[in-house]
Amino acid sequence: MTIEKSGLDNSPKTLDTLRQWQNGPVILASSSSYRLETLQKLGFKNVISSPMPDDLEKGVNTQIIKDKSPSWQDPYSVNIPEKVAKSKLEYLLSQNHPPENSLLISLDTLAMAFRYTPKDHQIPTPVWTSHPFPKAETLADLRKIMLANFRQLTKADHNFSEIISKLPQASEEVISNLKFGYLPRLMMANTGLALRLPHQNDVITTRISNRLELDRVYSSDNDTQKLNQLIDQIFEITQDSGRSPLKISGGIDFGNPKILKLLGAKEVLLYVFSSTMEKGTFLGFPEKYFIDFISDQARRVNK
């Protein structure tokens with residue numbers, strides 16, 4: 001899919017603006033070959049990569065995670081990757097002074113699991129909040145993170161299954177509503193997107209969230225050996241694809257179809273946030289969402 005063939009109702013002026021942006025120059029604040037190739041596939045012709053250094057990006061990510069504070073507006077801290085993406089562009093602007101006619105693009109993806117927060121100083125009642133996974137230093141550290149999360153998922157699913165077993169006539173709608181109350185059954189991936197449009201000063205941001213159920217993890221019965229074997233297979237598939245698990249937050253490349261199949265993963269919709277059910281979220285570049293967002297910006301500048 002390209003922007004011109006996306007099916008959006010764009011005016012001639014909007015399409016002309018998008019074509020100008022596609023022709024560049026475009027600067028991508030990322031070292032990801034997948035993100036670069038996706039932009040090229042979408043019709044962006046003159047794209048160069050200018051990533052934030054790894055140590056600085058890790059420091060920004062860690063600090064934003066450390067400073068996160070759930071609130072009524074953002075009880076799940078889904079804005080973490082949005083803030084990181086914005087920080088990447090701000091670094092690019094401060095260091096490289098890119099041409100005013102360039103389109104600047106940054107994305108950041110973070111995997112999360114849910115934790116129960118009994119009481120928070122900003123929230124008077126108990127809530128489920130998200131626990132983000134930063135990138136680990138070693139495979140041994142990463143294994144501990146993954147194993148702990150898989151065990152939590154297994155335990156939460158067991159508790160959920162017990163409740164469902166007592167409701168044999170429950171409809172799909174009832175079960176879906178009950179899942180909302182058992183968020184720790186789910187993995188979550190958030191992708192933040194930041195843009196600095198040509199001849200504009202402000203950095204604008206947005207985000208998209210998706211959630212997954214992992215049937216293979218649930219069926220492991222919290223068996224440490226089975227879970228470790230599953231992690232070994234995840235590491236092997238990831239390395240065979242040319243990626244390092246240590247470069248992926250949480251260690252799981254949910255954009256890899258082999259990993260999704262291995263985990264018995266399926267995307268789920270919950271009412272708290274909208275979702276496009278788009279696999280690109282887990283790869284770090286949700287194509288349709290990006291097209292919709294940048295097209296909206298092109299319409300906006302032509303009003």
Side-chain angles (χ1 to χ4, degrees), residues 1-52 78-79 81-109 189-210 255 257 267 269 273-303:
M1 180 190 297
T2 62
I3 287 179
E4 292 89 341
K5 298 179 180 179
S6 63
L8 294 174
D9 185 18
N10 290 323
S11 69
K13 283 187 176 181
T14 296
L15 287 174
D16 184 59
T17 298
L18 287 169
R19 291 189 188 102
Q20 291 179 36
W21 293 352
Q22 285 177 305
N23 289 330
V26 179
I27 303 177
L28 173 65
S30 172
S31 60
S32 167
S33 59
Y34 175 79
R35 288 171 177 159
L36 176 61
E37 290 165 4
T38 300
L39 278 174
Q40 293 170 336
K41 182 176 72 173
L42 292 176
F44 291 86
K45 299 176 177 62
N46 183 18
V47 186
I48 62 171
S49 295
S50 182
M52 176 186 284
V78 294
N79 63 355
E82 191 175 355
K83 290 181 178 179
V84 174
K86 183 178 182 181
S87 295
K88 292 178 183 179
L89 281 198
E90 288 173 344
Y91 175 82
L92 175 61
L93 287 164
S94 68
Q95 297 296 312
N96 297 346
H97 306 292
E100 290 187 3
N101 67 333
S102 59
L103 170 65
L104 310 184
I105 302 172
S106 176
L107 299 103
D108 187 75
T109 298
N190 297 312
T191 291
L193 168 63
L195 300 177
R196 201 290 312 261
L197 303 176
H199 306 290
Q200 301 283 325
N201 294 321
D202 295 336
V203 173
I204 54 177
T205 65
T206 186
R207 63 173 179 257
I208 181 173
S209 303
N210 285 60
E267 292 174 284
L269 281 172
F273 291 117
S274 62
S275 170
T276 64
M277 306 289 280
E278 188 177 345
K279 286 191 296 184
T281 305
F282 300 102
L283 279 165
F285 201 126
E287 294 180 33
K288 182 179 182 303
Y289 191 81
F290 173 81
I291 290 173
D292 290 346
F293 184 66
I294 199 169
S295 297
D296 282 342
Q297 300 309 311
R299 286 191 287 269
R300 181 180 61 82
V301 301
N302 282 293
K303 283 185 178 180

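Model, not experiment: these values are computed from the prediction.
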### Query
Looking at side-chain heavy atoms only, is the closest gap between I48 and V26 below 4.5 Å?
no

#### Entry: Where L93 and P98 come nearest, the two heavy atoms and their spacing
CD2-CG, 3.8 Å

### Residue pair T205 / A194: nearest heavy atoms and the distance that separates them
CG2-CB, 3.9 Å

#### Entry: Shortest non-hydrogen contact from G192 toward A85
O-CB, 3.8 Å

### Query
Taking the side chain as C-beta and beyond, is there a heavy-atom pair between V203 and K86 under 4.5 Å?
yes

### Task
List in chain and number order the residues that pass side chain to side chain contact (heavy atoms under 4.5 Å, CB included) with S32, two or more places apart in sequence or in another chain; answer none if no residue qualifies.
S30, Y34, R35

### Task
State whether the side chain of S295 and the backbone N or O of D292 hold a donor-acceptor pair below 3.5 Å, judged by distance alone.
no

## Note on the structure
Separation between CZ (F290) and CG (L195), nearest 0.5 Å, reads 6.0 Å

### Query
Looking at CD of E82 and OG of S209, how far apart are the two atoms once the value is rounded to the nearest 0.5 Å?
9.5 Å

### Query
Can you find a heavy atom in the side chain of S106 that is under 4.5 Å from one in the side chain of L193?
no

### Task
Check whether any side-chain N or O of D16 sits under 3.5 Å from a backbone N or O of P12 as a donor-acceptor pair, and report yes or no.
no

### Message
When you measure from the side chain of Y91 to the backbone of A29, do you find a donor-acceptor pair of N or O atoms at a distance under 3.5 Å?
### Response
no

### Message
Is the shortest side-chain heavy-atom distance between L197 and Q297 below 4.5 Å?
### Response
yes

### Summary
Rounded to the nearest 0.5 Å, the CZ atom of R207 sits from the NZ atom of K83 at a distance of 9.5 Å

### Query
When rounded to the nearest 0.5 angstrom, what distance separates OG in S49 from CG in L28?
4.5 Å

### Task
For K88 and L107, indicate whether the former's side chain and the latter's backbone hold a donor-acceptor pair under 3.5 Å.
yes

### Message
Do K41 and E287 make a side-chain contact, defined as non-hydrogen atoms from C-beta onward lying under 4.5 Å apart?
### Response
yes

### Minimum-distance pair of heavy atoms, taken over all atoms of L103 and I294
CD2-CD1, 3.9 Å

### Query
Looking just at side-chain N and O atoms, do T109 and T191 make a donor-acceptor pair shorter than 3.5 Å?
yes

## Note on the structure
Separation between CZ (F44) and CG (L18), nearest 0.5 Å, reads 7.0 Å

### Task
Decide yes or no for T17 and V301: does some side-chain heavy atom of the first lie under 4.5 Å from some side-chain heavy atom of the second?
yes

### Query
Less than 4.0 Å between a side-chain N and a carboxylate O, is that true for R196 and D202?
no

### Task
Look up atom CZ in F293 and atom OG1 in T206, then write down how far apart they are to the nearest 0.5 Å.
5.0 Å

### Task
Give a yes or no answer on whether the side chain of Q22 reaches the backbone of L42 with a donor-acceptor pair at less than 3.5 Å.
yes

### Query
By salt bridge (charged side-chain N to carboxylate O under 4.0 Å, His left out), which residues pair with D296, not counting sequence neighbours?
R299

### Message
Tell me the closest heavy-atom pair linking N302 and K13, and the distance in Å.
### Response
ND2-O, 3.6 Å

### Message
Can you confirm whether the side chains of S11 and T14 place a donor and an acceptor under 3.5 Å from each other?
### Response
yes

### Query
Taking C-beta and beyond as the side chain, do I105 and L39 meet within less than 4.5 Å on heavy atoms?
yes

